[in-house]
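Heads up: numbering here begins at 1 and tracks the sequence.
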Amino acid sequence: MRTQATGADSPRQGAPRTPGSGGADQSAAQAGAAGRHPKQTGAARQDVKRVVPGAGPTTNPPGAPGRRADTPDDDAPRYAPQWLQLREPADAAARAADLLDPLRIRLANLPRRGGDLVIHDLGCGTGSMGRWLAPRLDGAQHWVLHDRDPYLLHFATVGSPAAAADGSRVTVTTQRGDISRLTADALTGASLVTASALLDVLTRAEIDRLAVACAEAGVPALLTLSVAGRVEFAPGDPLDAEFAEAFNAHQRRGELLGPDAITAACEAFDRHDATVRVHPSPWRLGPQEAALTEEWLRGWVGAAVEQRPELAERAESYLRSRLEACAAGALRVVVHHSDVLALPRPKGGAK
């Protein structure tokens, strides 16, 4: 076993993982609710009943809008750009920068066709991974942005980063299609595979296929912001643990791995002789992130109630009190995630 866990929150074998981004990228009407506070019991009750895609699992498994392969082409996008924009600063602050040095070392030794790093971003949403990572890597880069949702691909293209860390050019192309069936052939010439908040909305078979594709192509993978199954509130509430348990069960609906995805990914890459590093990447939400906290809370509580309808009556007052504390600047939340860097044996003469 060559998995290396770094940081205090690194997942252990079989340890649960968290909500928070849980399948990160929703419908514009739903996302437009961000920043609203229910003022009365009726409003709180309405919020409890809805599950905000991207804030947690969707009402329509398998819950990763814009990312799941089995989403019909004429389906409305399940992740709204507004939600992705709301969470982008928290994502950027959370991603594990400590994984970048070993990644840079590997990339520096890769043979490059045409001189550019070629980076495939899976389930790219509005392109937040590229905006975070491209300015942290030297050298010319070409990003291939994958998503099922052409609307999100448009946003990702328009908002793509202009330059690498050393000022080199960054170019992008888009590819709409089924990322769950990615093959080694599709990664020919690739330097890196990336994704954010993707693993927890995949099945074990889909994660295995991703590991096989990367291993056979010899391409490293940086897979960030997978939920870890733990949320910490300050101040705490006696109901926190019960809602967290119900939410985690919701994420495991059907064959989705939810909080078990990090362990599954480490095992899958390890079976193919990759070196795997895991690092915590928690959201740390305080008064400055109140709009994100509010929208995340609605989705988190809504998913818990969908999983366990008997929680609905208590959820109404629980959500109302949490939102009131958030509006008053008195609530802090840590939503635990983990980032994974998998370094398969390189191909083509890389060291």
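- Residues Leu202 and Leu256 form no side-chain contact, since every pair of their non-hydrogen atoms from C-beta on lies 4.5 Å or further apart.
- For Asp147 (side chain) and Leu153 (main-chain N/O), no donor-acceptor pair under 3.5 Å exists by modelled atom type.
- Shown here is Glu245, whose CD atom has no more than 12 heavy atoms of other residues, nucleotides or ligands within 6.0 Å.
- Between the side chains of Gln85 and Trp83, no donor-acceptor pair of N or O atoms lies under 3.5 Å.
- Summarising the geometry of Gly218 relative to Pro344, their closest heavy-atom pair is CA-CB, 4.4 Å, with the distance given to 0.1 Å.
- One hydrophobic cluster holds both Leu239 and Leu319 under the rule that ILVMFWY side chains link at heavy-atom gaps under 4.5 Å.
- Here Thr224 contributes atom OG1 and His279 contributes atom NE2; the two are 13.5 Å apart, rounded to the nearest 0.5 Å.
- Remark: Asp208 engages Arg271 in a salt bridge, criterion side-chain N to carboxylate O under 4.0 Å.
- In this structure, Leu103 CG and Arg106 CZ are separated by 9.0 Å, a value rounded to the nearest 0.5 Å.
- We find the CG-SG distance between Asp149 and Cys124 to be 9.0 Å, quoted to the nearest 0.5 Å.
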Legend entry - Worked check of ring pair (Phe, Tyr, Trp, His ring centres under 6.0 Å) between Phe247 and Phe243: CA-CA 6 Å; Phe247 178 88; Phe243 279 98; over 10 Å; no
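- Annotation: side chain of Leu222 is not in contact with side chain of Val193 (no heavy-atom distance under 4.5 Å).
- Note: the hydrophobic cluster containing Leu100 also contains Leu107 (ILVMFWY, side chain heavy atoms under 4.5 Å, direct or indirect links).
- Trp283 places a side-chain heavy atom less than 4.5 Å from the side chain of Leu292.
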Legend entry - Worked verdict on Thr173 versus Leu145 for side-chain contact (heavy atoms from CB on, under 4.5 Å): CA-CA 6 Å; Thr173 56; Leu145 307 178; over 6 Å; no
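- Rounded to the nearest 0.5 Å, atoms CG (Leu210) and CG (Leu223) are 6.0 Å apart.
- Inter-residue side-chain proximity for Trp132 and Asp91 is flagged as unmet; no heavy-atom pair is nearer than 4.5 Å.
- Across all non-hydrogen atoms, the minimal contact from Asn248 to Pro259 is OD1-CG, 3.7 Å.
- For the residue pair Ser226 and His337, no side-chain donor N or O sits within less than 3.5 Å of a side-chain acceptor on the partner.
- Annotation: the span from His146 atom NE2 to His120 atom NE2 amounts to 5.0 Å, rounded to 0.5 Å.
- At a cut-off of 3.5 Å, with distance as the only test, no side-chain donor of Thr157 or Thr174 sits close to an acceptor on the other residue.
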Inset, instruction - Check step by step if side-chain contact (heavy atoms from CB on, under 4.5 Å) holds for Leu86 and Trp296. - result: CA-CA 10 Å; Leu86 185 62; Trp296 171 81; over 6 Å; no
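- Within the 4.5 Å cutoff, the side chain of Val305 has no heavy atoms near those of the Trp300 side chain.
- Here the side chains of Leu133 and Leu192 are in contact, with some heavy-atom distance below 4.5 Å.
- Using a 4.5 Å heavy-atom cutoff, the side chains of His142 and Leu117 are not in contact.
- With rounding to the nearest 0.5 Å, the separation of CZ in Arg204 from CD in Glu267 is 6.5 Å.
- At least one donor-acceptor pair closer than 3.5 Å links the side chain of Asp339 to the backbone N or O of Ala96.
- Salt bridge Glu306/Arg253: present, at least one basic N to carboxylate O contact under 4.0 Å.
- Ring orientation note: the planes of Tyr151 and Phe155 are nearly perpendicular, at an angle over 60° on the 30°/60° scale.
- Judged by distance alone, the side chain of Arg332 and the main-chain N or O of Pro287 form no donor-acceptor pair under 3.5 Å.
- Between the side chains of Arg87 and Ser128, no donor-acceptor pair is found at a separation under 3.5 Å.
- A donor-acceptor contact closer than 3.5 angstrom links the side chains of Asp178 and Ser180.
- With a 4.5 Å cut-off on side-chain heavy atoms, Leu323 and Leu331 do not count as touching.
- Checked against side-chain contact (heavy atoms from CB on, under 4.5 Å), Glu313 has no partners two or more places apart in sequence or in another chain.
- Summarising the geometry of Leu122 relative to Ala195, their closest heavy-atom pair is O-CB, 3.6 Å, with the distance given to 0.1 Å.
- Of the possible donor and acceptor atoms, one in the side chain of Ser191 sits under 3.5 Å from a partner among the backbone N and O of Val118.
- Using a 4.0 Å cut-off between charged side-chain N and carboxylate O, Glu242 and Arg308 make a salt bridge.
- Contact check on Asp240 versus Arg322 returns a salt bridge, with a Lys/Arg side-chain nitrogen under 4.0 Å from an Asp/Glu carboxylate oxygen.
- Judged purely by atom type and a 3.5 angstrom limit, Arg131 uses its side chain to pair as donor or acceptor with the backbone of Gly159.
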Legend entry - Stepwise side-chain contact (heavy atoms from CB on, under 4.5 Å) test for Leu341 and Val278: CA-CA 7 Å; Leu341 175 63; Val278 182; over 6 Å; no
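- Side-chain heavy atoms closer than 4.5 Å link hydrophobic residues (I, L, V, M, F, W, Y) into clusters, and following such links, possibly through other members, connects Phe233 to Val301.
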Inset, instruction - Walk me through it: do Ser168 and Asp166 pass the test side-chain hydrogen bond (donor to acceptor under 3.5 Å, both in side chains)? - result: CA-CA 6 Å; Ser168 298; Asp166 60 359; 2.8 Å; yes
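- Between the side chain of Ser317 and the backbone N or O of Arg314 there is at least one donor-acceptor pair closer than 3.5 Å.
- Counting all heavy atoms, side chain and backbone alike, Ala213 lies closest to Thr183 at CB-C, 3.7 Å.
- Take Phe269 and apply the ring-ring contact (aromatic ring centres under 6.0 Å, His included) test, not counting sequence neighbours, and it matches no residue.
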Legend entry - Audit row: Arg345, His272, side-chain contact (heavy atoms from CB on, under 4.5 Å) steps and yes/no: CA-CA 9 Å; Arg345 288 184 178 274; His272 295 282; over 6 Å; no
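- Between Asp116 and Arg169, at least one side-chain nitrogen of the basic residue sits less than 4.0 Å from a carboxylate oxygen of the acidic one, meeting the salt-bridge criterion.
- Taking every heavy atom of both residues into account, Val219 and Ala190 meet most closely at CG2-O, 3.6 Å.
- When atom types are taken as modelled, the side chain of Gln141 and the backbone of Ala134 share a donor-acceptor pair closer than 3.5 angstrom.
- Here the side chain of Arg176 pairs a donor or acceptor atom with the backbone of Arg148 at under 3.5 angstrom.
- Taking each heavy atom of Ala265 and Leu199 in turn, the nearest pair found is CB-CD1, 3.9 Å.
- Side-chain atoms of Asp121 and Thr194 include a donor-acceptor pair closer than 3.5 Å.
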